[in-house]
Amino acid sequence: MPKINRREFLILSAASAVTASIANWAIAQSNKTLAASSKLYKSTNGLLELNLEASDRPVPIAGIQAYLMSYNGQVPAPRLEAKAGDTVRIHFTNNLSQPTNLHYHGLHVPPTGNGDNPFLSIEPGESLTYEFTIPKNHPSGIFWYHPHHHHYVAEQLFAGLAGLFIVRGELDEIPEIQAAREEFLVLKDFDLDKSGHILPQNHMAMMLGREGQLLTVNGQVNPKFTIAKGGLLRLRILNASPSRFYRLSLENHPFYLIATDGVAIAAPVRLEELLLAPGERAELLVRGEKELGQYRLLTLPYDRGGMGMMGGGMGMMGGHRMGGGMGMMGNSSQTSPQVLATLTYHSAVATLPLPERLIPVETLPEPETVRRFELSMAMGSGMGMGAGMGMGFTFNGQTFDPERVDTQVKLNTVEDWELINVDPDRMDHPFHLHINRFQVISRNGQPEPYRAWKDTVLVRGGETVRIRIPFRDFAGKTVYHCHILDHEDLGMMGIVSIQA
Ligand code: C2O
Ligand code: CU
Ligand code: CU
């Protein structure tokens, strides 16, 4: 067993006790491994083709049958794998009782037609075939798919609609990475009653961004994963929760970051912990360099702001968060570490080295245009929110309007966007842009320590983050939004039109 000190032990025990009282059925250490029951679809001869059906039905999760929304009856959804240059053809059917569509988060593909088009609406009972080609020079990495129908995104994602979309390529071919054992981790929280029904979410839960107390990895509670003594583990992690942040730490083990939002960085970066906001992905290497034993993958407490909303201003709950049901207390309620999964050592192998170099990250040219975006929750009349409280989540003071183009850019130019979080409640807002990746240049004027590609970046309360975006290859309209998906559904989304 790894050594943990008494204080850590008490903290962890307390965390377990709290969780157990909330959901007894969910806390037992599962004997399940990380390998999800989800099906894998791989491209062959340059084509990834499959049928995908969204439906409401009972799905096994965390040892019970839960009434969720799923793709092909699986939570997480089937994992899709393709290569640069492949064609993707998905015959999609909506058997939900509400409209939906599909978004391919992080892929650099056309935003128009039946490509990665968030403006499509597929009504209940309707079908649509999505088809697009992944460019030949597309980087390898972790991407994902989920619904993107405005006003329904948070609800549908929370109910279970999300899956990995892996692009295989150059990162997978580095010998040290090939030698590592690959594990996928889809992090997703649920808010269920004892009979497995999703609890209704009240308005406050939506303002904060809905969270559930049941934490799963690939639909399992505390699954096991293994590492060989001397071996290397490659963890490919997606935060598929609509609002929950994960501050990951593995007992006694540092992480070696090799990719951000699915795309490789130039060389591994050693980290003691990693914060993943909703929508973000990361790839980590772990070395099997400790004593044989069990080590817990934890999510540590993180405060994503918004407490002011609960205080005098709105006179609600006296500072305690209230969510849908189950006494959900929202994001700041996690005051102690919680266990996500357990790593176990097994037999020794010859010690594997870490890679020294990964994939170079290009230096972008200076921007032609610099824009400012103020991110904020805005209160007052005229927001047109219909949310009952006159509250909206905004970019530059405006909530989403599907008829309005907010930002016009020219194809084949590079822009800097300054993202300024002026939220009065100092809530964190993770900013996400579709279709085109970007690099973070600075935070509050401080340059980033290493260059990396991102498509989702956390902008903390009070913070200014400058990103540099090359608009390449595809003209058309697409969106940027807060990836706390309730905020997106409450208006924190804008349209960018890329003109040839
Ligand atoms: Cu994962 Cu528009 O989002
Ligand atoms: Cu996206
Ligand atoms: Cu937000």
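Each ligand, and each atom within it, is numbered from 1 in the order the structure gives.
Classification of the Phe431-Phe395 ring pair by plane angle, with boundaries at 30° and 60°, yields perpendicular. Taking the six-membered ring where tryptophan is involved, the planes of His148 and His434 are perpendicular, since the angle between them exceeds 60° and thus also 30°. Using bins of under 30°, 30° to 60° and over 60° for the plane-to-plane angle, the ring pair Phe393/His429 lands in the perpendicular bin. Between Tyr71 and Tyr145, the ring planes lie tilted relative to each other; the angle falls in the 30° to 60° range. Taking the six-membered ring where tryptophan is involved, the planes of His481 and His483 are tilted, since the angle between them lies from 30° to 60°. Ring geometry for Phe245 versus Tyr302: interplanar angle under 30°, hence parallel rather than tilted (30 to 60°).
Within His487, the N, O or S atom at minimum distance from the Cu ion (ligand 3) carries the name ND1. Of all the N, O or S atoms in His429, the one closest to the Cu ion (ligand 3) is ND1.
Within the protein, the number of N, O or S atoms lying under 2.8 Å from atom 1 (Cu) of ligand 1 is 3.
Around the Cu ion (ligand 2), the protein atoms of type N, O or S found under 2.8 Å away are His103 NE2, His432 NE2, listed by chain and number.
Under the 3.5 Å distance criterion, with hydrogens and angles disregarded, a donor-acceptor pair is assigned to the side chains of His91 and Thr129.
When all heavy atoms are compared, the tightest approach of Glu211 to Asp189 is CA-OD2, 3.4 Å.
Just one of Leu80, Thr87, Asp86 meets the side-chain contact (heavy atoms from CB on, under 4.5 Å) condition when paired with Leu48; it is Leu80.
Cation-pi geometry between Lys410 and Phe471 is not met: the NZ or CZ atom fails to fall both under 6.0 Å from the ring centre and inside 45° of the normal.
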